[in-house]
Structures are given as C-alpha cells and as structure tokens.
Protein chains: 2
Amino acid sequence: MKKPASLIDVARRAKVNISTVSRTINQTGKIGAETQARVLKAMRELGYKPNRVARRLRTQEGSSHLLGLIIPNIQNSFFADLARGVEDVAYKNNFALLLCNYDEDEAKERFYLDVLQSESVDGIILPPIHENDPAVLQVVRNGIPVVCVDRSLSSGNLDKVEVDNHTGALKAVEHIIAQGHKRIGLIGGPADSSTGRERLRGYKDAHNQAGLPIKAELIRFGDFKQESGQTLAHELLSLADPPTALFACNGLMTAGALEAIAARGLKIPKQIAIVGFDELPLSSVFNPPLTVVRQPAYEVGKYAAELLLKRIEDAKRPATSLKLMPELIIRKSC
Amino acid sequence: MKKPASLIDVARRAKVNISTVSRTINQTGKIGAETQARVLKAMRELGYKPNRVARRLRTQEGSSHLLGLIIPNIQNSFFADLARGVEDVAYKNNFALLLCNYDEDEAKERFYLDVLQSESVDGIILPPIHENDPAVLQVVRNGIPVVCVDRSLSSGNLDKVEVDNHTGALKAVEHIIAQGHKRIGLIGGPADSSTGRERLRGYKDAHNQAGLPIKAELIRFGDFKQESGQTLAHELLSLADPPTALFACNGLMTAGALEAIAARGLKIPKQIAIVGFDELPLSSVFNPPLTVVRQPAYEVGKYAAELLLKRIEDAKRPATSLKLMPELIIRKSC
DNA sequence: TTCTGGTAGGCAAACGTTTGCACAGCTTCA
DNA sequence: TGAAGCTGTGCAAACGTTTGCCTACCAGAA
C-alpha cells in the first residue's frame, strides 16, 4: 500500500509550512506569488491529492463535497432517472454521491441515515418513507440539510420537490373516461404513501367530475412493485363485472399488469385499455404504444440537488417547494 | 447544528478513558464485564454513533466499511441490476456504497477514481473504460482492492466477474440462423470495448459455423446508447438488400432499434426479426415478446461484491475470475 | 526616528478515532 | 517471598487537514 503524498510532504518539498500549502490549495489567505508557484510545483511533482476524509473530519460544517441520496430502489427507472439528475448536478459542482437503497424498509432507512450522518455528508436527498418519518425528522433537527423528493414530510419546513400527482392522475383518468370507459380499475400505491394517496384522489376526482360512481371493488392497493401489479390486475380482471380500463399507479405495477393482460391473452385497448404512471424504456415502442403519465424524474433529481446545494451554502434561506407537472402522453393503449 | 456525542462524551459519562470505550465498541482488548455494562449504558443514553470519518482517517488500511462502485450509467438497467446486487451484499456486511456514474467519459472516470481513493474506500468495483485503462491500473498499484465487472483489464491479475459474451452472442445468432435467416444485421457495441468485441466474435463464429458469409455492410458499431441503436437500425433497414433479422448488442440499443422498426411500421418477426442482448423490464410482455439473451446482472454485482469483501479481508489471496453464463430466452420476436 | 498598519507565512490546536505502550493489581508457581 | 504472567485500564501519539493567533517584515505617515 503506497502511501499517497500528504500536505506535510508537499510542505517539506516546497520548504514552507503546511498551513501555507493548505491556504494555497483553498485560496484562503494571502500567499505570495512566488511561494504559491513553489507550492504548486511541489504538488504537481508529488501528485498530491487532498485527503477528503481528513478534510471532512476537520471542517464539520459545510463543504465535505459529499451528498447522500437515499432511494427506495435503484431498479425502478423513476428513481434511476432521478438519481441521474442528482448525480449530474453533483458532479458539475464537484460533489460525490453516496447512494443508498432502502427498499421501503424502515430499518434499512435508519441504517443509511445513520451512515450518512456519521459520514458527515453535507446534505441528504430522500423520499421520506412516510409522512412523519421520525428518523428523518431527527436528521433535520440535527441540522443536516435535507431535501425531500417525490414524497413529502408533513411536519418540518423543508425544501422539497415533488410531482403533481393529483393532477397527473386526474388527467389520466379524465382521458380514460373520455374514451368512454365507465368501469376503471385502479392499481394503486400503498395507502400510507402520499404519492399513492394523491393519485387515488385524482382517480376519485375524475370520477366525481364526470358524475361516475366510485366502486370500492375496482380500487386495489399495491406496493409499487411489479408483482403486486400483476396480482391486482388478475384480481380486477377476474371480477364478475370486470373493468374495461386499468389505471396503474407506477411503472413497475404497470409492467406487472401488462403481464397479467398478456397471460390472459387480452387485446389492448379493445378488450382492456390501460394507462400507467411513469414512462418506461419501451413504452413508446410497445405494441400498442402505451399511454402514460410521464413524471419528470430527471428534473426532480436535478432541482432537488440544486436546492440542496443552495441550502448548504446558506442554511438560513427560506425553504422552497417545487411542484413539477407530469405530462400525459397519449398513445394507443387507451 | 447539534453536535453528536463523541467517544469523549461517552467516556466522561461512564467515568472511563476513551480507549476503554473504543475497545468496548470494537470488542478489541479485554474489558471487565461491569465496566463494559457502564460504557454500553452511557452510549445508549447519549445515543452515541461512531464517527465514520474519524475512524477512516485513523485506520487507513482495511475497514472503513465503504465501497466504491463506478458504472457507466445507472439508467441502463443492466447496471442498475448490477448495482443492486452490489448494494445488497454491501448492506448485509454493513458496508455503504459510494456510487459514481462515469458515462463512458474518461475524465469523469478519473475524477471519481480520485474521489474514491481520497475517501479511502476499502475497495472499488468497476467496469474499466477500456482494456488498459491507466487510471485504474494506477489505483491497483496504489494497493486498493479492485474488482472488475463486465469488462476486464488486459494487464493486472485482478479479481473479476464477467459474463460469457461470446457464448451469449453465439447462441443468439445460432438461433437466428436456425430460424432461416441469412442476412443478419449487427448493431454492435464500441469496437474498443471487450464486451462489444466478444459479442461481435460470437456473431462471426455463428456465421462461420453455419457456413454463412460475413458481410461488412451488415455490421455496425454503436455506443451502447439508445439513440445509436435507432440510427444504426435505420441505416441497416435502408440498405438496398436489407437484413431480415437484427441482433442488437445491448438493451438500450435494442430499444432504439425497436423504435426504428416501429417508425417504419415493420412487423416483427415477419418483416424483421430481432434478438437483443439484455433483458428489459417489458420485454416479456412486449408484443411480440422479445427473444433476448439475459445477462445475470444482479449476480454479477453480487459476486463482485463478495469477491471484493474477501479481498479486503485478505489482500494476498489469489485472484479469482468468474465467468457467468447468459441465458437465451426464446420468445416470439425471432 | 518612531509609530501604524498591512502582508506573508509559521505555530499549534482541534476534529474523533484507534492502538502501542505502560502500569497497577492480582494470581500462580517455585 | 519474589519473580512471572495475566487482566483491566489509562496515557498519548497519530491519521491529514483547517484555522485562529502570532510574528516578522516592510512601507508610509507623523
């Protein structure tokens, strides 16, 4: 294990004190031009790279240049896109990213929250597991900048960037109704998630607006995973009086529903119409192309990271809350 | 910013020296049962969490309990699955994961490699950008455990886990040929990537085995991104004598090719057959369901992480090299 | 000349750990 | 009784930075 050059090595070689080297690097304090040149030269010759760990230990506040991102599942393309958005702005600002998968598991979320704090990250981006997530609240109370994405925290006056789930679902279901459907099955998200609830609300409001009755048997709650989409679609399609259209509340569940539909040999959209939340890699070339409500996942991540960086700069700035509009992409599946 | 409790606080409260506390936590050294209980109690009361940064600074070798993962693009589901595999075993072993997206950009790769070293990660998992990537080699020379995934490094005797790309492509193209196709367009990966080359070799070998001529005009090289799949498919399909089947060398390019096919209104598989590398979220429910060669991406990540952990434990163990077999999933697109 | 003030750079503490060494007290054995 | 060995604990250095404070020097003003 070859030890990398440290400040001390550079200082020795440039014949100055380590503080001078540190100040040269960070451009803090006045350093003579000639001394500076000598230091720079020594750094280059030794291939000096500052040790981020030591730096982080010393300066607890502010710039460790490390962000934490905790997401439910990287395999969900919504979160992959979001992560990519975060990563891009982090990189542009020379921040690295500590990525954590919490899998909707509260213990895992807690573990990662602990890790991130104990790594002294400069800030954390996450979708809270539910609305008053005590672990997240504690982090906030500890004074670590947090921005919520996708879902929000009921208490706490935090930066957040969300998608307008209600409007997204409303537009989708309005569209379904406009196609003449009267029995619309809902493959919903967990009832205790704000996204699940908001989308459900959109579904109901669209029905109310159209004067359509809301039938409890057509409303099912899944867990945002593919398998539950499949199961619930089968349940709905097995009803004595099955729905003629399905609205699936996220991408994975849409894929699951599509599996169920394929297994039953049903034709889309004649025998069963479907609209899904989330754009999927193949949805535009699907046969038939899928009508979906596309969430601006990349942008959510991007804005969240920008907000976080601003807050790290200035802890006192007022919390801002962004609500991004999803887009209904009408194709052929409904 | 509430300062978290430190070793010193715990020591004070338990009326012992900090070294005693440290030893209690790490179970190193003999500590009296009664003292231990007192320390544990104090820790609990203060909500003490060890500071990972300080720990990492002190113990340069070994357990910082932090792994680095550098991947081309998290939006590529192959790498998302792989990342998930890594993450799962990391979590099981109480390691956190520093995730980096290098986007096939050498400067970005170098940046992240620097960050990871300067964060003193215990080890790094990555697909080298190409076969003799000097930056990676330097990291290895610095004594940091590295395991290569997906692609390999020509020099250096490293742990690696790869997929048998040659066999995967061979089986796929054999299958295409068995369906009676004689003009098979290849949407290949970059010629300077080992995966691209291996898959090309499979394509050629299948042709040779079958006594089919290899036509240069049918072979195109993309960059593993969706757009290039689309472009190349259009090129191939515009040929005076177009191919009757396409073999696309990764998931994103397959999606691109599908776009081109859809834009031209071609029927799969009658007018154009297609086989892709990589399983995509919707490929089994696609219409028609896609014939693909599925790479065990999750397993690649999982084994890589396991190998890395073993190497961290024991730097001297001989390098092991795993080659996982992909699976040809025959559905209806060819 | 002496004083004031500014500039360049050195000194050493601090961040929160881990760990080699020292040492006190006790047991054991000759 | 005393040497040897073990057990439990404390002391302090070290990891590589950043930063408040101090000093030495020099220029310009009085």
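In the text below, chain A, chain B and the rest are named by the order of the sequence lines, each starting its count at 1.
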* To do: Measure from the side-chain N and O atoms of A/Thr59 to the backbone N and O of A/Arg55, and report whether any donor-acceptor pair falls under 3.5 Å.
  => yes

* Considering only C/dG16, D/dG8, C/dA8, which nucleotide approaches the side chain of B/Asn51 most closely? -> C/dG16

* 5'-most by nearest nucleotide on DNA chain D - A/Ser6 or B/Gly32 -> B/Gly32

* Give the rounded distance in Å between these two atoms: CG of A/Asn26 and C1' of D/dT17. => 9 Å

* Asked: Just by distance, with hydrogens left out, do A/Asn101 and B/Tyr91 show a side-chain donor and acceptor under 3.5 Å apart?
  -> no

* Take the protein atom NZ of B/Lys30 and the nucleotide atom C1' of C/dA24, then report the distance between them rounded to whole Å. => 19 Å

* To the nearest angstrom, how far is B/Arg52 atom CZ from D/dC15 atom C1'? -> 17 Å

* Among the candidates C/dG16, C/dT19, D/dT7, find the nucleotide nearest to the side-chain atoms of A/Leu57. => C/dG16

* Could you tell me whether the side chain of A/Asp81 and the main chain of A/Tyr298 form a donor-acceptor pair under 3.5 Å? => no

* Residues in salt bridge (charged side-chain N to carboxylate O under 4.0 Å, His left out) with B/Arg317, at least two apart? -> none

* Among residues 11-22 of chain A, which contact DNA chain D at a heavy-atom distance under 4.0 Å? -> A/Ile18, A/Ser19, A/Ser22

* **Near-strand residues of residues 34-46 of chain B, defined as heavy-atom separation under 4.0 angstrom from DNA chain C** => none

* Can any side-chain N or O of B/Arg56 pair as donor or acceptor with the backbone N or O of A/Glu119 at less than 3.5 Å? -> no

* Starting from P on C/dG16, measure out to NZ on B/Lys49 and report it in whole angstrom. => 16 Å

* To do: For atom CD of B/Glu45, decide whether the heavy atoms of other residues, nucleotides or ligands shown that lie under 6.0 angstrom number more than 12.
  => yes

* Send over the distance from A/Ile8 CD1 to C/dA12 C1', rounded to a whole Å. => 12 Å

* Before accepting this row, confirm whether a basic side-chain N of the pair A/Arg151/A/Glu131 lies closer than 4.0 Å to the acidic partner's carboxylate O. => no

* Asked: CZ of A/Arg55 versus C1' of D/dT19: gap in Å, rounded?
  -> 13 Å

* Asked: Reckon B/Leu7 touches a base, only the sugar-phosphate, or nothing at all at heavy-atom distances under 4.0 Å?
  -> base

* Length of the line joining B/Asp9:CG and C/dT17:C1', which is rounded to integer Å -> 13 Å

* To do: Look only at the side chain of A/Asn142 and the backbone of A/Ile144, and say whether a donor-acceptor pair between them is shorter than 3.5 Å.
  => no

* What's the CD-C1' distance between A/Glu119 and C/dC15, to the nearest Å? -> 15 Å

* To do: Could you check whether A/Arg23 gets within reach of a base, just the sugar-phosphate, or nothing at all, counting any heavy atom under 4.0 Å?
  => base

* Mark yes or no for whether B/Asp9, through its side chain, and B/Ser6, through its backbone, hold a donor-acceptor pair below 3.5 Å. => yes

